[in-house]
Amino acid sequence: MATTVAAPPRYAVPHTKYERGLWSWLATVDHKKIGQLYLYTALAFFLIGGLEALIIRQQLKGPNGTLVSAETYNQLFTMHGTTMIFLVIMPMGAAFFNYLIPLQIGARDVAFPRLNAFSYWVFLLGALFMNAGWLFGAAPDGGWFGYAPLTTRQFSPGLNIDFWLIGLQILGLSSLAAGFNFVTTIINLRAPGMHFMRMPIFTWMSFVTQFLLILAFPIITVAVTFLMLDRFFGTNFYTITAGADPLLWQHLFWLFGHPEVYILILPAFGLVSEVLPVFSRKPLFGYPVMVYSGILIGFLGFGVWAHHMFAVGMGPIADSVFGVTTMLIAIPTGVKIFNWLATMHGGSLRFTTPMLFAVGLIALFTIGGISGIMHSSPPADLQQTDTYFIVAHFHYVLFGGSMMGIFAGTYFFFPKITGRLMDERLGKIHFWLTFVGMNLTFFPMHFAGLNGMPRRIYQYQANQGWDLENLVSTWGAYILTLATLVFVWNFVKSRRSGAVAGRDPWGGATVEWSIPSPPPEYNYAVIPTITSRYPLWDAKSPELTADVPHTPEGEKRTDVSVGGKETHASFKGPSDTRMASEVAHPSAHELGIAMPTATIKPLLASIGLTVMFIGLILKNNANYQSLWLPIILSGVAFFVVSLYAWLLSPLEPEHH
Amino acid sequence: MTSHYRTRRLAIAALTAVIVVGLAACSTTVPNTTLEPKTEFGRAIDDLWDTLLFWGTIVFILVETFLIYVVIRYRRREGQPAPRHVHGNTTLEIAWTLAPAVILAIIAVPTVKTIFVTQADAPQGSLTVEVIGHQWWWEFRYPQYGVVTANELYLPVGRTANFVLKTQDVLHSFWVPQLGGKRDLITNQTNYLWFTPESTYVWNGVCVEYCGTSHANMRFKTFVVPPDQFEAWTTHQKAGPVFMAAPATTAPAAGAPATQETQPAPQASAPPVQPQTAGSLPTFPAERLPVYAASYNPVPRNLSIGDVTGDPARGAQLYRTAPCIACHVVQGVSAGIVGPNLTHFGSRTSLGAGLFPNDARHVALWIKDSPAMKPGSKMPPFGKSPAMPAGYDDQQLADLAAYLLSLK
Amino acid sequence: MTAIPHTTGHHYTTTGLDHRKIAIWAFIGSECLFFGSLISTYLIYKGRSVVGPFPHEAWTNPATGETFPPILDIPVTSASTFVLLMSSLFMVLAHASVVRGDRKYSKIWLAATALAGATFLGFQAFEFTSFVHEGLTPRTNLFGSSFFILTGFHGAHVTAGVIWLITLLFIDFKRGLRPADAINVDLCALYWHFVDVVWIAIFTLIYLIQ
Amino acid sequence: MAADHSHSQTTYDAHGDAHAAEHKHPTWKTYKWVALILFVITVVEVWIYYIPSFVASRAFVPVLLILSAAKFAIVVAFYMHLKYDAKLFRALFVFPLLIGVAVIISLLFLFGQIAVRV
Ligand code: HEA
Ligand code: HEA
Ligand code: CUA
Ligand SMILES: [Cu+2]
């Protein structure tokens, strides 16, 4: 059962109009194309979210900044936080899930290719919906965790919160759909011989992340639904005059919110765990423990949410319990840090750009983690919560952790995705600017916080002892801007004219490096049989994996197809000077491999869904008194019709 | 290309940065620091913080130095032997699972202790202060003294103050960094917080839960004064407004609806109180406030007023019929409860919840266009303007200001 | 039968299980948290409403002096609960018939299930309208909000289930459900039973416990 | 999730069960018995609801919870044939269910807790 193409049946030729041009993107169900869509969208939003941050920093550069008004500032930090979390890091994760998981487990696509396309389009439309507020000068302004009752109609009558709520609701649907898809994919599409304990570590961390997604998002969905019903239909979930308890929102939100932060970091951990072994020329130290610690982090993540609420007066018992459970998370996370260090120790480290960012993550995330432990002690947190000390913490874990990991992953897998390498020189410049700028921006915030500077303030008076810290932070942000521009330039330039990579520019260990870059639509002409955690090293440089337990008795070592000479250990630039796309690959059709047919239906369904929500937001607008309901209903109808059309049409061309 | 030199240089750069900013942090220019507590509550937290900082630093140094060592020591060099290929080491891994566990235990024990100490009931005979949050100002009530005031908190040194925290509208959070940790004001819930100020001084307080447009402008001041001054202050605050002493008899209980606990000032005592407290109002006169506690935010450029001098008497007449009375209490004159109590407005050092100096010009401007002075302010503009031709002219504004400021 | 994947027939799957069946179990797991949150909310707000009417006690409006009976109507709900339970029986029978390739009974049992589901919805519609007449709407108080939204969402799930069943029935009439289609019925059945067990929890926690 | 070896195990178990499911699959008889038991339990639940003395007693709530838990388990085990199906499905369902129950319980604790604070 190793191969799937015994006696290939013949298939109809796929509709050619879907094969190139705009259509090929709108109608694609190819996980690689969808992955790229996620990647580009997330990068764009990183620039926007960063721009918002830049304005924030400019406003806070000195006392009594007057660049923006209070109202604008509140919209800026709300959208900055929401954008960075929901429209940058999560879709960045999704980009790598999409592109890498099928490649790493030796599959030809995800379990539900059309659902996958649906997830992306829903995400995109939700993201645009969320940002549409800017056009009406009514961007969300309730903070990224939108505490009730401030976000109820009574205290926020405008459209601002409506955009935020509905946007969040739409994004949630996208994440849930993707979650089910990848859980199934990882369980059910692993190549023969790839037992769970042979799965590449990134896929493992993604696997854990998917469970966090499908278990955490229903909760926020409920919380948001309550608020929507309150705002649009006058229910009482957060109505203070009806005796509602504002802590209901806080508990439901953070029940989602804390698992969410591990949704943001685990994929980054996974990426770094792929990069470090390759550039240390050593297997990952303590693979099983890395796996278990990831699972443990995800599990503990559900038991600590109230550490965001130490100031609300939960009582000594609850405070103690949540304080201690929070501290526990340091243990599995620490194990990861130490195992990474042990992986590098005794290795032969090559400091390519991905490696630099991976090392950067270890250095910076540790700082954020330690400040996290400082919050986890409830009495101490009473002096820290809602100050810049917290802002420092979460930027060290989010930027120093998630973003660093994502940059590492981007430089590392860019050649696989595009067939070309990113420029190393620009890459190193990008890294050092980021590293310095990042610390200049966020380290002083620790002091600003300890010196009593509250977060979410658009102005502060002079002589409060905050001027220096803020000035330094702002200069740091300038440097980060520079860094980001370098990155963008490198990305664009390398896509066009980067050095050709060949199959395996880094000397990778996992199967995705055995296929051409960029991979053909079917990824693997023959589904590989996996015989260890490092199949390529087994084939190319067995000495590297001599010590790794693999290939249990009985299973013979079948060697996977490896891309020729250029995959040799020391990096002398790619020898295969032709782009994979220029090399003539047999098409899936010729190979008799059934690939899902491209279709526009998922996009249509997602549009129907969005129209539905647009109708809802129009409900309170006088001009649409008679229209909002028809709009909602037509949205529903459109959605249902597209859905049926999609579900009742076969995934692949019929045999004949 | 020799990134280990870079790394070293960087480490040094980072270190100097830390030292520079660190010095800034420890110098006396940090009036709102959380690290020099002035109460037992603050010190309990600070002790905990020291433990956290100590172990945090240990972990930080261990991890980062080892990282730098590895990065430098194991860089790929020519003719370097192929790496040894350990794929794991159980004893090591157990070791670095247990080590953090031990450290965390060391942190957890004092943490839990401190939780129960700081959340115990306030000691007997402590001073009860009701703190009521409003968008975007603070109401302070002293039920034991029948005093109601706003945005300026008076505490006697050495006596435990037990804060009863409530909110009128959205969530806020009560925080005086130098006096100890914060506690949120939660709708439909009452929270408690207590501490004992140990030295007389003035501290800044802020709202630290995002509460809407002017969250940043929801500040207050805390005056910690000697007990006798505190007593004097309460008697004075309890008494009717000084300026209106006589007319106050007409509507004795006017202030009552606003302040249930307030026993209307015994009129007889009103005059005597005054000379006794006259020169020595137990406030820090604004000009003698430490610079960080003074309020001197710039006035929006487009907002101005001709320099007219106001007449308190005319202002008083005007006030009785002014829309102000719908929202503000001036004991014996008006009974509105939406806005801050103005009975002793003149005795406050700052205006608009710690934004501006409490002087004639700013008060006049405030009445003229409060939302311009403080974004989102719930107090409508009353000055004459194209939009409001019927509004007060500059003279009237000045009169009102003069009257209010005369309410010592 | 789960070992016979349908559309992915000629594809290798690691576990030999059908993609869609793994996905629907993951979905059901996720739904546990969804209904968990809704139920928590109802229980948290239980007894916190500042005005009536209330689920289990009568209430007299101090302002108007008019009195409201306890809202919940156990006999009616018991009946609807019974109907939903039986629908689960019909569902398994329908599935079994399809596996057996019994065209006649597959249609009968599918129809019976859909009918039972529709009946349950009928009961719920009746329940809701009578509550509204007794003066309880989602806007009335915390009980009203949390009750209507919790049971409403359950009702929505039942509705979706009924639509799904009707679709299957339609296919059955159009081209007949072969044993190879059992997986499709199986998916619907899993969903349907889950909606049923959610109601089992709701019936006890919301209706019976006072 | 244990070591390499046991993993191959689970993978193949899932497989085995999938086939086994066809043989071990419950019959009409089981289904009808299950239906009967569910019906009886429901009757008991409603019945005790109408015994005021019992409702007042401390046993009332626990008994109801146990009865409905039993119904829940029976439906899941037999009608959703989790008892017969691949172990994988058991994991996919039980783990979230436990988290969900834990969430409900801890939330109730937290909100009760806040009420008694002074
Ligand atoms: C990537 C996202 C991410 C990650 C991974 C984390 C990780 C952690 N976070 Fe953080 N957190 C956020 C994102 C994240 N956080 C965000 C966004 C907020 C703010 C939300 C808002 O208010 O806007 C927040 C807020 C926040 C708070 C609330 C603060 C407040 O508002 O009052 C707390 C309190 O306990 C906390 C704790 C922790 C802890 C203990 C960890 C732990 O997981 C860290 C564990 C890691 C280490 C400890 C370092 C490595 C370990 C070792 C080297 C072993 C040895 C170490 C020790 C023995 C200490 N975080
Ligand atoms: C992954 C998450 C993430 C990331 C990467 C960042 C990145 C940054 N954040 Fe972060 N931030 C949050 C998540 C994140 N933030 C969250 C969750 C909050 C809380 C929000 C809330 O309180 O509700 C927050 C809040 C927050 C605040 C506190 C606001 C307040 O409380 O008042 C500040 C203040 O300095 C800040 C600054 C920055 C800066 C300077 C960066 C820099 O790293 C940004 C660097 C990137 C750039 C500078 C982009 C470069 C721009 C260009 C190249 C121009 C673009 C050109 C076009 C668009 C055409 N952020
Ligand atoms: Cu009040 Cu912020
Ligand atoms: Cu958290």
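Note on naming: letters A, B, ... go to the chains in the order of the sequence lines (proteins, then strands), and numbering restarts at 1 for each one.
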Trainee: How long is the span from the OH atom in A:Y147 to the OG1 atom in B:T187, to the nearest 0.5 Å?
Mentor: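 If we round to the nearest 0.5 Å, A:Y147:OH and B:T187:OG1 are 12.5 Å apart.
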
Trainee: Keeping the roles fixed (side chain from A:Q461, backbone from B:A294), state whether a donor-acceptor pair exists under 3.5 Å.
Mentor: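 Yes: the side chain of A:Q461 pairs with the backbone of B:A294.
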
Trainee: Does any heavy atom of chain A fall under 4.5 Å from the side chain of B:N89, the backbone, both, or neither of them?
Mentor: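 Both parts, backbone and side chain.
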
Trainee: Look up atom OG in A:S377 and atom CG in B:L52, then write down how far apart they are to the nearest 0.5 Å.
Mentor: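 That separation rounds to 5.0 Å.
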
Trainee: Checking B:W55 against chain A: side chain, backbone, both or neither under 4.5 Å from a heavy atom?
Mentor: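 Contact with chain A: none, neither part.
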
Trainee: Under 3.5 Å, is there a donor-acceptor pair between the side chain of B:R76 and the main chain of A:S348?
Mentor: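 Such a contact is found between B:R76 side chain and A:S348 backbone.
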
Trainee: Quick check on the 6.0 Å ring-centre criterion: do A:F389 and B:W49 meet it?
Mentor: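 Under 6.0 Å, so yes.
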
Trainee: Would you please classify the geometry between the A:F338 ring and the B:W96 ring as parallel, tilted or perpendicular, with 30° and 60° separating the classes?
Mentor: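 B:W96 vs A:F338 ring planes: tilted.
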
Trainee: Which residue out of B:T51, B:V112, B:L171, B:L185 racks up the most heavy-atom pairs below 4.5 Å with chain A?
Mentor: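 Most heavy-atom pairs under 4.5 Å with chain A: B:L171.
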
Trainee: Among all residues two or more places apart in sequence or in another chain, which pass the side chain to side chain contact (heavy atoms under 4.5 Å, CB included) test with B:N204?
Mentor: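 Once residues adjacent in sequence are excluded, the partners of B:N204 under the side chain to side chain contact (heavy atoms under 4.5 Å, CB included) criterion are A:Q464, B:N32, B:K221, B:Y292, B:A293.
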
Trainee: I would like to know whether B:Y296 and A:N463 meet side chain to side chain contact (heavy atoms under 4.5 Å, CB included); could you show each step before the answer?
Mentor: CA-CA 11 Å; B:Y296 48 84; A:N463 297 307; 2.7 Å; yes

Trainee: Just verifying a value: how many Å separate A:I240 CD1 and B:D169 CG, rounded to the nearest 0.5 Å?
Mentor: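 Here the interatomic distance stands at 7.0 Å.
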
Trainee: First locate atom CG of B:L48, then atom CD of A:Q383, and finally report the distance between them rounded to the nearest 0.5 Å.
Mentor: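 Rounded to the nearest 0.5 Å, the CG-CD separation comes out at 11.0 Å.
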
Trainee: What pairs with B:D50 under side chain to side chain donor-acceptor pair (under 3.5 Å), at least two apart in sequence or on another chain?
Mentor: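 Testing B:D50 for side chain to side chain donor-acceptor pair (under 3.5 Å), a comparison that skips the adjacent residues, returns none.
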
Trainee: Check whether B:L355 gets within reach of chain A through its side chain, its backbone, both or neither, counting any heavy atom under 4.5 Å.
Mentor: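 Only the backbone of B:L355 comes within 4.5 Å of chain A.
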
Trainee: Sub-3.5 Å donor-acceptor pair from the side chain of A:N64 to the main-chain atoms of B:P298, do we have one?
Mentor: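 No; judged by distance alone, with no hydrogens or angles, the pair does not exist.
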
Trainee: Where the side chain of B:K182 meets the backbone of A:A311, is there a donor-acceptor pair that is under 3.5 Å apart?
Mentor: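 Not at all, since once roles are kept as given, no pair shorter than 3.5 Å links the two residues.
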
Trainee: Given that the side chain runs from C-beta out, which part of B:V59 has a heavy atom under 4.5 Å from chain A: side chain, backbone, both or neither?
Mentor: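 Answer is both: backbone and side chain atoms of B:V59 are under 4.5 Å from chain A.
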
